[in-house]
Every structure is written in structure tokens, then in C-alpha cells.
Engineer: 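Attaching a single structure in C-alpha cells format; questions to follow.
We're numbering straight along the sequence, starting at 1. As a basis for the values below, the full set of heavy atoms in this structure was taken, side chains included, without hydrogen atoms, waters or symmetry mates. Quantities reported herein were computed from a predicted structural model and do not represent experimental measurements.
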Amino acid sequence: MSCGCLDIITTSNADIISTVEFNHTGDLLATGDKGGRVVIFQREPETKNEPYSQGEYNVYSTFQSHEPEFDYLKSLEIEEKINKIKWLPQQNAAHSLLSTNDKTIKLWKISERDKRPEGYNLKDEEGRLKDLCTVTSLQVPVIKPMDLMVEVSPRRIFSNGHTYHVNSISVNSDCETYMSADDLRINLWHLAITDRSFNIVDIKPANMEDLTEVITAAEFHPHHCNLFVYSSSKGSLRLCDMRASALCDKHCKLYEEPEDPSNRSFFSEIISSVSDVKFSHSGRYMLTRDYLTVKVWDLNMETKPLETYQVHDYLRSKLCSLYENDCIFDKFECAWNGSDSVIMTGAYNNFFRMFDRNTKRDVTLEASRESSKPRAILKPRRVCVGGKRRKDDISVDSLDFTKKILHTAWHPTENIIAIAATNNLYIFQDKVNSEMQ
């Protein structure tokens, strides 16, 4: 799984990347940051001189999606940080995406303009109305070429739908609806209606002292518009069918792994909390990430995961110090490759892990400035727990827990990955596969 670095885009220290998302073709890549800004990168087309070269991603558009707000009713500051971005399937020449902070979801339209009309009868070149007395003849306006301009405009603003912080948004396969999830509720929205949504899951107890778990992530099935899954802080997954009832408090399937009593500890519930859930492209499997592992679940098998991969098991002995510095609450994401054969997730020290489901091989790679030269080859890294160390091994005691890869994305069809390492965006491609193509 050697990778060559395609590109590295660096932002300022204040702009920590909080979400990364490819569109359905993989030609556009959107990132959101803690400053409420969305940056879209576009893949450059293949050149005539190098018809088989892979195009690089360059900045296509940048816009301010959310601003800081203040809820005067609750005396609560609402930060502008972008929690999630989801692309809508392209219906015409323009692109559309949803972005959300803790409370407000916005639908944006991204379009291009490379022509402009000239020769109006009632307006001058600056667009001001002419004196009708000066108009002595009529002319036909003409369309003339101009420099390409990318225009971003807000199409819808979906607000007042959540009391708690929004952690997930997911676009339905019917391309008409989407859902948003917070800690205790999941709402269903129509993309054309902003003033109301339908509550489809509500786990808030009558007495908040009885609260035992919260919703951590939610996603629609990629092919069946009636199915969706949501994960909980207790490590369980609930598959719901909207055909069964309007309120899906009663799930149709519960996926839960029985806990081994011998491994029970103070940290068990914290590290079992699911931070991300993703359906496979085929819709047959689900991928989940908790603090130490990634798991593949078969939709037809509820009793235990089909596969379990250890991401950084060497941290099990460090849980006490990770609890003290709050790192144990970090929410790592996970991603499938286009064929559902390889999975990827992040770790500490700017490491990220890949697991091949067919060969059962795994690799640890590092996103760093040293390896970010164009066409450089990423060398596998290895964390040493004790005993003999090889030359390039890194000790578990020297891991930098401030450098963490929480957000990753995989191109929908090609072996191109986007890695958000704090305030740097790395884009890598599989060099072996690209040479074969």
C-alpha cells in the first residue's frame, strides 16, 4: 500500500480542519474548519502532454459558511465550527452541498460563470438605468466570454431543528430528503422545506437523570431510502426502517458485541463509544470506529462484528494518562475505499492506518512534511511497545498526542485519500495502482 504524495495544502494555525468530504465523482473535495469556512478543491483535468497523469487538486472556491452566534434565550455561544459537510448528487451544471455547525444546516449552490451579457437597451455598461430620452435605437444583447468566476450562494437555511449539538448529516438516496442527528434526536428534512422537520428518533428520557447513552453518529443506507443506522455512546448500532412507523424509537435490528468481563475497567464504556459509522458502498456492511478499534458489521449478523481490527492497541496501557489529557474522548472517523476491500482510519502522531480485508494485511503510514514532497513514497511506520527496536521504529512513549488524524476521506472510485492533520490537508494516491492505469 505504498502511496505517493499528490499535494499538500497548508492553512493558518488558527484554521483547524474539522471535516473532509469528496463529492460523488471525486473531482471536488470540500473541507470545513473551526473558523466556519469551507474550502473546495478541484481536481485538475488530464493534460494533453501527460494524458495518463493524475490531476492535482487546487483551490476552486473558498467561502464563509457559518458565523459565530449567541443564543440569548439560553445565554449560549454557538461557535462557527463546521461539524459536517455532505455533497448532494449533481442534478445539473451546478454543485450543491450541505454544511452544518452545532445548530444550523445550510444548503449551498456552487456554480460557474464564464460568459456575460452585453448591449442592454435600458442599462449602461455599469448596470445603471439609462435616460429613456437617450435611447434612439434598439439592439440585440450579446453574450461575450469572460474570465471564469465561481459563484457560491446560500439556497436554504435549516435552523431551529436541534436543541443539542448536531453531530451528523446524511443525504438520502431519494435525493429529496436528508437527516440530521444530535445527541438525543434525529430529524428528517425535505431539501426544499426549511421551516419544519420530522422527528424520527427521540431517545431523550422524561427525566434527564435517567439518561444512559447518547447518539454519536447517523447515516442513511446508500440504496434503500427507508433504512438508516445510528450509533450510540454505549457501542451499539441500531438499524431503523421508516416504513415500520413514523417515529423510529423501536429499531428493527440491534448490533451489539457482548463485553468480555475479564477486560472490564473504568474506561470500558468510554473506549467502546462509537465515534463514526459508515455504510459500505454495496450497502451490505457497516464500518464503525471506537477509540481502539475499527469493526466491520454484516447487516445480517447482529450478535458480533464480522471483522475487528486493532488501530492502536498499544495505547491500552496508557488509558489513564489519555483520560487525564482528554484524548480518550477524541472522535476518530473511518472510511471505505471504492470497492469496500480496504478501510482507513486515523491515529495519533499524524499516523493513519489501512486494513486490507482480503489479505488481512495492515499498514501504518504518516502524514508529515517530510513525506509530503510531490511523488514521494510513504514508508510504513511501526510503533514499538518494548523490547528490541528497529532503526525507524517509534516508541509508544514518544508519540505526540497533539498531532492526531481525526478526519479522513477516500475517493469514491480511485485510490486517492484526503487526510486532515490538524491544520494541514494531505492528499495521497496509490502509486502502484496509478502506474497500472
Engineer: Are the charged groups of Asp397 and Lys318 less than 4.0 angstrom apart, N to O?
Structural biologist: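 Yes.
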
Engineer: May I ask you to decide if the ring planes of Tyr314 and His312 are parallel, tilted or perpendicular, using 30° and 60° as cut-offs?
Structural biologist: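 If you compare the ring of Tyr314 with that of His312, the planes turn out perpendicular.
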
Engineer: Is the backbone of Leu299 close enough, under 3.5 Å, to the side chain of Tyr255 for a donor and an acceptor to pair up by distance?
Structural biologist: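 Yes, because the side chain of Tyr255 sits within donor-acceptor range (under 3.5 Å) of the backbone of Leu299.
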
Engineer: Are Arg382 and Asp393 close enough for a salt bridge, meaning some N to O gap below 4.0 Å?
Structural biologist: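 Between Asp393 and Arg382 there is a salt bridge, with a charged N closer than 4.0 Å to a carboxylate O.
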
Engineer: Is the shortest distance from a Lys or Arg side-chain nitrogen in Glu21 or Lys86 to a carboxylate oxygen in the other one below 4.0 Å?
Structural biologist: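 So Glu21 pairs with Lys86 through a salt bridge.
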
Engineer: Just checking, any donor-acceptor pair under 3.5 angstrom between side chains of Asn172 and Thr177?
Structural biologist: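 Yes, a side-chain donor-acceptor pair sits under 3.5 Å.
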
Engineer: Short question: side chain of Asp340, backbone of Ser282 - any donor-acceptor pair under 3.5 Å?
Structural biologist: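 Pair found, side chain donor or acceptor close to backbone of Ser282.
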
Engineer: Taking atom types as modelled and ignoring hydrogens, do the side chains of Asn83 and Asn167 form a donor-acceptor contact shorter than 3.5 angstrom?
Structural biologist: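 No, Asn167 and Asn83 have no side-chain donor paired with an acceptor closer than 3.5 Å.
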
Engineer: Would you find a donor on one side and an acceptor on the other, under 3.5 Å apart, between the side chain of Gln64 and the backbone of Gly35?
Structural biologist: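 It does hold such a pair.
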
Engineer: With the threshold set at 4.0 Å, does a side-chain nitrogen-carboxylate oxygen contact exist between Lys403 and Glu366?
Structural biologist: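 A salt bridge is absent here (no side-chain N lies under 4.0 Å from a carboxylate O).
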
Engineer: Is a side-chain donor or acceptor of Arg316 paired with a backbone partner of Leu292 at a separation under 3.5 angstrom?
Structural biologist: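 Side chain of Arg316 to backbone of Leu292: no pair is present.
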
Engineer: Among Leu319, Val311, Ile270, Val274, find the residue that satisfies the side-chain contact (heavy atoms from CB on, under 4.5 Å) test when tested with Tyr291.
Structural biologist: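 Going through the options one by one, the only one that passes is Leu319.
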
Engineer: Please check if the side chain of His221 supplies one atom and the backbone of Gly283 the other of a donor-acceptor pair under 3.5 Å.
Structural biologist: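 Looks like yes, one N/O pair under 3.5 Å.
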
Engineer: Using distance alone, with no hydrogens and no angle criterion, decide if Ser341 and Asn337 have a side-chain donor and acceptor under 3.5 Å apart.
Structural biologist: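 Judged by distance alone, the side chains do pair up.
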
Engineer: Please check: side-chain N/O of Asn23 versus main-chain N/O of Leu28, any donor-acceptor pairing under 3.5 Å?
Structural biologist: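 Indeed, once roles are kept as given, a pair shorter than 3.5 Å links the two residues.
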
Engineer: Checking side-chain polar atoms at under 3.5 Å, does Asp400 have a donor or acceptor matched by the opposite partner on Asn349?
Structural biologist: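 No donor-acceptor contact under 3.5 Å links the two side chains.
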
Engineer: Counting distance only, does the side-chain N/O of Trp108 pair as donor-acceptor with the main-chain N or O of Ser65 below 3.5 Å?
Structural biologist: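 The answer is no, because no donor-acceptor pair under 3.5 Å joins these two groups.
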
Engineer: Any side-chain to backbone donor/acceptor pair from His407 onto Ser18? Under 3.5 Å, distance only.
Structural biologist: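 Between the backbone of Ser18 and the side chain of His407 there is a qualifying donor-acceptor contact (under 3.5 Å).
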
Engineer: Could you tell me whether the side chain of Ser233 and the main chain of Val214 form a donor-acceptor pair under 3.5 Å?
Structural biologist: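 Flag set: sc Ser233 to bb Val214 pair under 3.5 Å.
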
Engineer: Is Glu69 paired with Lys103 through a side-chain N to carboxylate O contact shorter than 4.0 Å?
Structural biologist: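 No, this pair does not count.
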
Engineer: Assess the side chains of Thr216 and Ser231: does a donor N or O sit below 3.5 Å from an acceptor N or O?
Structural biologist: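 Looking only at side-chain atoms, Ser231 and Thr216 do form a donor-acceptor pair, the distance falling under 3.5 Å.
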
Engineer: Any chance you could lay out the salt bridge (Lys or Arg N to Asp or Glu O under 4.0 Å) test for Glu333 and Arg289, step after step, and finish with the verdict?
Structural biologist: CA-CA 7 Å; Glu333 295 175 4; Arg289 171 69 204 261; over 6 Å; no

Engineer: Is the backbone N or O of Thr288 less than 3.5 Å from a side-chain atom of Trp297, with the two atoms forming a donor-acceptor pair by type?
Structural biologist: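 Pair absent, no side-chain N/O of Trp297 close to backbone of Thr288.
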
Engineer: Hey, do the aromatic rings of Tyr348 and Phe332 have their centres closer than 6.0 Å?
Structural biologist: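 Yes, the ring centres sit under 6.0 Å apart.
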
Engineer: Supply the atom-to-atom distance Arg37 CZ to Thr31 OG1, rounded to the nearest 0.5 angstrom.
Structural biologist: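 Going from CZ on Arg37 over to OG1 on Thr31, the span is 7.5 Å.
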
Engineer: Given side chain to side chain contact (heavy atoms under 4.5 Å, CB included), test Lys295 with Asp290 step by step and report yes or no.
Structural biologist: CA-CA 8 Å; Lys295 296 172 182 175; Asp290 56 41; 3.6 Å; yes

